[in-house]
Amino acid sequence: MSPALLPPPTILLPAFAPWLDIAGLAVFAASGALAAARRGQTPVTLAFFALVTGVGGGTVRDLLIGAPVFWIHDARVSAVCLAVAAIIWATPERWWRGAALDWFDAVGLAAYAVYGAAKAIGYGVPPLPAALMGVVTGCVGGIIRDVLAGEPSILMRPELYVTAAALAAGSYVGLRVLGVDTWAAAALAALAGFGLRAAAIRWRLALPAYGARG
């Protein structure tokens, strides 16, 4: 049978998936809009940052696993990003001072890492690559945001970031392999990833740097 005649893969996404998708999308979009707002940018720039930050990781994931790029086929995605940008534009600046960007990013990181791993598994990706797809989903949007904002990439900062995404995605995949219910696995994995990222923000936790081992 030629590749063109092969039946499409059976896609099995857990029931929690849309909720985590929207949660991750909204908070990542908020982190993108906040990055633009902190630089006194226009509402158009806030909207652009919200969109590319919200969909960046998921776009790369979908291209890698052979899935339709999610936001191209679902108008609600763009609507959520634009609505989040509008809300931030319309609210007083004092609401977003301090570490708001970091905390929005932490929530999005945990939610999107779990969702990305779950979607990869649903598309038949083996456990280890599925966990890596969770990391891609959780991290790439933040990387794009930092590059566009002219900030040092979060990857180059010392505190734990990719490690938190890996914990969330890896925990979900590991719990599912062990037969844990999808809802329980998702909740535990997302809490673990968020908890590690929150601890890194609060106490500046970091892995040892190369060259600092002795």
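Note that the coordinates shown come from a computational prediction; the quantities given were computed from them, not determined experimentally.
Judged purely by atom type and a 3.5 angstrom limit, Y112 uses its side chain to pair as donor or acceptor with the backbone of G54. Side chain of S171 to backbone of L167: a donor-acceptor contact under 3.5 angstrom is found.
Between W71 and D62, every side-chain heavy-atom pair lies at or beyond the 4.5 Å cut-off. Put simply, the side chain of V69 reaches to within 4.5 Å of the side chain of I72, judged on heavy atoms.
Here the CD1 atom belonging to I143 is positioned 12.0 Å from the CG atom belonging to L148, to the nearest 0.5 angstrom. Note: L109 CG to D102 CG = 11.5 Å, rounded to the nearest 0.5 Å.
Taken together through direct or relayed side-chain contacts under 4.5 Å among Ile, Leu, Val, Met, Phe, Trp and Tyr, Y172 and L175 form parts of separate hydrophobic clusters. If you chain together hydrophobic residues whose side chains sit under 4.5 Å apart, I88 and L82 never meet in one group. One hydrophobic cluster holds both V80 and V77 under the rule that ILVMFWY side chains link at heavy-atom gaps under 4.5 Å. Note on I201: it does not cluster hydrophobically with L205, by side-chain heavy-atom contacts below 4.5 Å among ILVMFWY residues.
Atom CZ of R39 has more than 12 neighbouring heavy atoms from other residues, nucleotides or ligands inside a 6.0 Å radius. The 12-atom threshold is not exceeded at CZ of F48, counting heavy atoms of other residues, nucleotides or ligands nearer than 6.0 Å.
Residues S31 and R145 bring a donor and an acceptor atom of their side chains to less than 3.5 Å of each other.
Note that R61 lies outside the cation-pi zone of Y115, set by a 6.0 Å cut-off to the ring centre and a 45° limit from the axis.
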